[in-house]
There are 2 protein chains.
Amino acid sequence: MDTDQVSGKWDATKGACPTRQVLGRIGDTWTMLVISTLEAQGTLRSGQLKSAIEGITQKMLTQSLRHLERDGVVRRDVVPTVPVTVTYTLTPLGLSLGLAVATMRTWAYQHMDEIVAARNEYDEARET
Amino acid sequence: MDTDQVSGKWDATKGACPTRQVLGRIGDTWTMLVISTLEAQGTLRSGQLKSAIEGITQKMLTQSLRHLERDGVVRRDVVPTVPVTVTYTLTPLGLSLGLAVATMRTWAYQHMDEIVAARNEYDEARET
DNA sequence: CGGTATCCCCCATGATACTG
DNA sequence: CAGTATCATGGGGGATACCG
């Protein structure tokens with residue numbers, strides 16, 4: 001049980017650590033799904049992303065994409081057609097993040113049943 | 001519900017998919033840190049967790065732990081001393097999740113600098 | 001000590017309408 | 001089609017006080 005100092009420099013449990021911000025960004029519901037979708041389907045237009053991710057509003061989609069663009073995770077390309085065409089693509093950094101996100105997604109998929117079972121058991125033990 | 005399925009598999013981009021709930025739970029800021037801490041340090045008391053995770057309030061800690069307990073990720077043990085002693089431990093399911101979370105954490109560590117650089121570049125390009 | 005209950009505020013988010 | 005602006009709201013989460 002060593003401490004979890006990867007580099008000895010930063011500790012993610014401390015508020016000022018940049019990783020905390022990174023994890024916070026990743027933690028965002030829509031962000032994960034956006035990355036997942038781009039990873040699975042490659043370059044997509046804004047509208048395609050919107051219809052691919054059920055329930056996301058344009059506002060949230062744009063916001064997520066801006067954040068990801070700022071972090072260097074996605075690249076935004078504008079083609080000056082009329083009407084304008086905008087596409088989003090994962091950068092190399094984004095692709096590497098996509099792999100990590102895929103790991104989480106895979107874990108969720110593989111253990112979904114266990115979790116649902118655990119929830120049922122927990123809930124049943126409480127309603128009586 | 002049928003629309004939630006693609007080739008017999010669940011699609012995480014659909015709202016009703018259980019993986020979405022799982023990812024949502026994982027996405028929670030504190031939850032990730034709680035799992036990380038338990039993974040790194042093993043069984044801990046409530047107070048130890050609270051002081052290990054900078055900035056978390058008791059309310060949020062308890063809430064996170066309850067959710068994780070419900071999902072079968074952590075086990076809660078109560079020793080009837082006076083005052084009462086409560087410890088939390090990752091279950092086998094929780095340990096496997098811990099590995100996935102560690103992957104994300106490692107990614108964050110490794111690419112922190114790239115992200116910070118990307119942000120600076122992005123911000124500079126916008127302030128005139 | 002660990003947890004619950006209560007109050008309350010504020011920000012993230014949704015809805016809507018509008019521009020290029 | 002992609003994005004911005006504006007307003008309203010609700011619930012997430014902080015502070016506090018109190019139980020077992």
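Proteins get letters first, then strands, A, B, ... in listed order; numbering begins at 1 in each.
Contact annotation: A/T57 side-chain N/O to C/dT13 OP1/OP2 distance is not under 4.0 Å. Put simply, A/S46 has a side-chain N or O that comes within less than 4.0 Å of OP1 or OP2 on D/dG3.
No donor-acceptor distance shorter than 3.5 angstrom exists from the side chain of B/T85 to the backbone of B/T81, with no hydrogens or angles considered. The backbone N or O of B/K59 sits nowhere less than 3.5 Å from a side-chain atom of B/T62 that would complete a donor-acceptor pair.
Taking atom CZ on A/R126 and atom C1' on C/dT4, their separation rounds to 13 Å, with Å as the unit. When the P atom of D/dC1 is taken as reference, atom CG of A/L61 falls 15 Å away, rounded to whole Å. The CD-P distance, from B/Q58 to D/dA15, rounds to 13 Å in whole Å. In this structure, A/Q48 places its CD atom 11 Å from P of D/dC1, rounding to the nearest Å. Note: NZ (A/K50) to P (D/dC1) measures 11 Å, nearest angstrom. Following rounding to the nearest Å, A/D28 (CG) and C/dA12 (C1') show an atom-to-atom distance of 10 Å.
Of all heavy-atom pairs between B/G94 and B/L90, the closest is O-CD1, 3.9 Å. Considering every non-hydrogen atom in both B/R45 and B/V84, the closest pair reads NH2-O, 4.1 Å. Between B/Q58 and B/K50, the shortest heavy-atom contact is N-CE, 3.6 Å.
By the criterion of side-chain heavy atoms lying less than 4.5 angstrom apart, applied directly or through intervening Ile, Leu, Val, Met, Phe, Trp or Tyr residues, A/V79 is not grouped with A/L65; the two fall into different hydrophobic clusters.
Between A/I56 and B/Y88, the residue anchored nearer the 5' end of DNA chain C, judged by the nucleotide with its closest heavy atom, is B/Y88.
Annotation: proximity of residues 74-83 of chain A to DNA chain C (heavy atom, distance under 4.0 Å) is found for no residue. For DNA chain D, the neighbouring residues in residues 32-45 of chain A, judged by any heavy atom under 4.0 Å, are A/R45.
Side-chain contact, A/R105 with A/S36: a donor N or O sits under 3.5 Å from an acceptor N or O.
Taking the side-chain contact (heavy atoms from CB on, under 4.5 Å) definition, one finds that B/R75 meets it with B/D77, B/T89, B/T91, sequence neighbours left out.
The shortest side-chain heavy-atom distance between B/T37 and B/Q48 does not fall under the 4.5 Å cut-off. At a threshold of 4.5 Å between non-hydrogen side-chain atoms, the residues A/R66 and A/Q63 do not count as touching. By the 4.5 Å heavy-atom criterion applied to side chains, B/E39 and B/L99 are counted as neighbours.
Under 4.0 Å is where a charged nitrogen must lie from a carboxylate oxygen, and between A/E69 and B/R119 no such pair does.
In this structure, the separation between CD1 on A/I56 and CG on A/L49 is 8.0 Å, given to the nearest 0.5 Å.
Axis deviation across the helix from C/dC1-D/dG20 to C/dG20-D/dC1 amounts to 50°, comparing end segments of five pairs, rounded to 10 degrees.
Taking the side chain of B/V84 as heavy atoms from C-beta on, and the options D/dG3, C/dG2, C/dG20, the nearest nucleotide is C/dG2.
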Run the side-chain donor-acceptor check on residues 110-118 of chain A: report pairs under 3.5 Å with partners two or more places apart or on a different chain.
| residue | atom | partner | partner atom | Å |
| --- | --- | --- | --- | --- |
| A/H111 | ND1 | A/E114 | OE2 | 2.7 |
| A/H111 | NE2 | A/W107 | NE1 | 3.4 |

Close N or O pairs between protein and nucleotides 5-12 of chain D (under 3.5 Å):
none

